[in-house]
Amino acid sequence: MAASVYVCPDCDGYEIQNRKTLLLGSGNVGAKMALLLSGRTSDLTYINHEKQPIDEEKHRLMHRSGIRYIEQAVLEIVEENDGYIKAARLEDGSLLAAERGFIAFGNNHVRSELAAQLGVELHHNKHVQVDPRSKMTNVENVWAAGDLGVHAEQVTAAMGDGAIAAIWIHKALSSQ
Ligand SMILES: Cc1cc2nc3c(=O)[nH]c(=O)nc-3n(C[C@H](O)[C@H](O)[C@H](O)COP(=O)(O)OP(=O)(O)OC[C@H]3O[C@@H](n4cnc5c(N)ncnc54)[C@H](O)[C@@H]3O)c2cc1C
């Protein structure tokens, strides 16, 4: 994948600021991302690669936000020599020029199976619930930190969680 195709709107959203951008995605997940990214650029095309259905309301909002919508499979990402996206080749043979790309297909796997086996309470999206102060789960002496928790997926947040969990783990060990 080209160096200028991104996945995280919070981390990389600024990369598409006022740039001609193609969003490769699927159904409502892609539509949600398109609406989020439309604040960054007025030149945004959402390609629903898997042709999954999209809610009427999202179609309406995309139209209102000036997002172009295409329902076709992407056959190839054409790159510049420096690895930057130059265009996407679609199944009908057409070539869509781009300066930046984003992807949004959803279905990221949350690896909370071990936590679930231990009886840890999971959020509806399979992320692990923790006490906000200590990062301990509902199971005594089981802590969770980072992307496994219920928060935006950011390195700084993961590190902060880890540091706080470590303090409370140390407290628990010291009191035994
Ligand atoms: C493409 C991409 C770009 C990103 N860009 C940014 C960015 O620019 N800025 C930013 O702040 N964040 C970014 N993020 C998010 C950031 O990477 C995460 O928030 C961060 O890595 C979370 O750290 P973590 O330790 O919680 O999880 P991870 O880094 O995912 O580490 C979890 C580790 O646990 C291991 N593991 C999982 N299950 C088990 C098991 N059962 N037994 C043993 N080991 C297991 C995994 O293999 C992995 O090594 C990006 C993420 C992606 C995917």
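Note that ligands are numbered from 1 as they come in the structure, with each ligand's atoms numbered from 1 the same way. Here the structure is a predicted model, which means the values were calculated and not measured. Heads up: numbering here begins at 1 and tracks the sequence.
In this structure, atom 12 (N) of ligand 1 has protein heavy atoms in its sub-4.0 angstrom surroundings. Closer than 4.0 Å to atom 36 (N) of ligand 1 lies none of the heavy atoms of the protein. Closer than 4.0 Å to atom 18 (C) of ligand 1 lies at least one heavy atom of the protein.
Using a 30° and 60° split on the angle between ring planes, His59 and Tyr69 fall in the perpendicular class, above 60°.
Only the side chain of Ala158 comes within contact range of ligand 1, with a heavy atom under 4.0 Å; no backbone atom does. For Gln154, heavy-atom contacts with ligand 1 shorter than 4.0 Å involve the backbone as well as the side chain. Only side-chain heavy atoms of Val7 come within less than 4.0 Å of ligand 1; its backbone N, CA, C and O stay farther off.
Between the side chains of Gln72 and Asp92, at least one donor N or O sits under 3.5 Å from an acceptor N or O.
Near Gly146, the atoms of ligand 1 lying under 4.0 angstrom from a non-hydrogen atom of the residue are 26 (O). Contact atoms of ligand 1 toward Val155: 10 (C), 11 (O), 12 (N), 16 (C), 19 (O) (distance under 4.0 Å to a heavy atom of the residue). Within ligand 1, counting atoms from 1 as listed, the ones closer than 4.0 Å to a heavy atom of Cys11 are 5 (N), 6 (C), 7 (C), 8 (O), 9 (N), 10 (C), 12 (N), 13 (C).
Where the criterion is an N or O separation shorter than 3.5 Å, residue side chain and backbone included, Thr156 fails it with respect to ligand 1.
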